[in-house]
Asker: 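Following this message is one structure expressed as structure tokens.
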Amino acid sequence: MSMRLRVNPLRCDAYGHCAELLPELIEVDEWGYPIVLAEPVPQELEAAARRAAGACPRLALLLERAPD
């Protein structure tokens with residue numbers, strides 16, 4: 001089962017914690033909002049992705065099962 005990251009843009013306030021915790025998969029734009037690739041999270045980064053999602057103060061970053 002592969003996982004992917006998703007950002008809820010309505011909840012995100014551009015704190016940038018996610019990009020600091022997971023720079024391998026998350027970049028920020030010029031306003032500080034995260035840019036997340038739509039590809040699955042590599043298995044070796046799933047724990048870091050969980051930490052990044054859990055650290056989001058607005059709960060805008062979600063780690064969810066990727067569609068098959």
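What you see below is based on every heavy atom in this structure, not just the backbone, and it leaves out hydrogens, waters and symmetry mates.
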Asker: Following the transitive rule for hydrophobic clusters with a side-chain heavy-atom cut-off under 4.5 Å over Ile, Leu, Val, Met, Phe, Trp and Tyr, establish whether Val7 and Leu5 coincide in one cluster.
Answerer: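 Yes, Val7 connects to Leu5 through the hydrophobic network.
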Asker: Counting only N and O atoms by type, is there a donor-acceptor contact under 3.5 Å from the side chain of Arg6 to the main-chain atoms of Leu62?
Answerer: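 Judged by distance alone, no pair lies under 3.5 Å.
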Asker: Shortest non-hydrogen contact from Leu63 to Arg50?
Answerer: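 For Leu63 and Arg50, the tightest heavy-atom pair comes out as CD2-CG, 3.4 Å.
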Asker: Please tell me if the side chains of Leu22 and Val41 come closer than 4.5 Å, counting only heavy atoms from C-beta onward.
Answerer: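 With C-beta onward as the side chain, the pair stays apart.
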Asker: Check whether any side-chain heavy atom of Pro42 sits under 4.5 Å from a side-chain heavy atom of Leu25, and report yes or no.
Answerer: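 Heavy-atom side-chain distance check passes, below 4.5 Å.
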Asker: Please indicate whether Glu46 has more than 12 foreign heavy atoms, meaning atoms of other residues, nucleotides or ligands, lying under 6.0 Å from its CD.
Answerer: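 Yes.
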Asker: Could you tell me whether Glu44 atom CD has more than 12 heavy atoms of other residues or ligands within 6.0 Å of it?
Answerer: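 Yes.
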Asker: For Cys12 and Tyr33, which heavy atoms make the closest approach, and how far apart are they?
Answerer: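 Scanning both residues completely, I find the closest heavy atoms to be O-CE2, 3.4 Å.
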Asker: Which pair of non-hydrogen atoms, one from Glu39 and one from Arg4, has the smallest distance, and what is that distance?
Answerer: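 Closest heavy-atom pair between Glu39 and Arg4: O-CB, 4.2 Å.
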Asker: Supply the atom-to-atom distance Arg58 CZ to Asp13 CG, rounded to the nearest 0.5 angstrom.
Answerer: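 Rounded to the nearest 0.5 Å, the CZ-CG separation comes to 4.5 Å.
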Asker: Please report the shortest heavy-atom distance between Val28 and Ile35, naming the atom on each side.
Answerer: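 Looking at all heavy atoms of both residues, the closest pair is C-CD1, 4.3 Å.
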Asker: Any idea which heavy atoms bring Leu10 and Asn8 closest together, and the distance?
Answerer: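 Looking at all heavy atoms of both residues, the shortest contact is N-OD1, 3.0 Å.
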Asker: If you round to the nearest 0.5 Å, how far is OG of Ser2 from CD of Glu64?
Answerer: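 One finds 11.0 Å between CD of Glu64 and OG of Ser2.
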Asker: Which heavy atom of Tyr15 sits nearest a heavy atom of Pro57, and at what distance?
Answerer: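 Heavy atoms of Tyr15 and Pro57 come nearest at CD1-CG, 3.4 Å.
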Asker: With a 4.5 Å limit on heavy-atom distance, are the side chains of Ile26 and Leu61 in contact?
Answerer: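 SC-SC contact between Ile26 and Leu61 confirmed.
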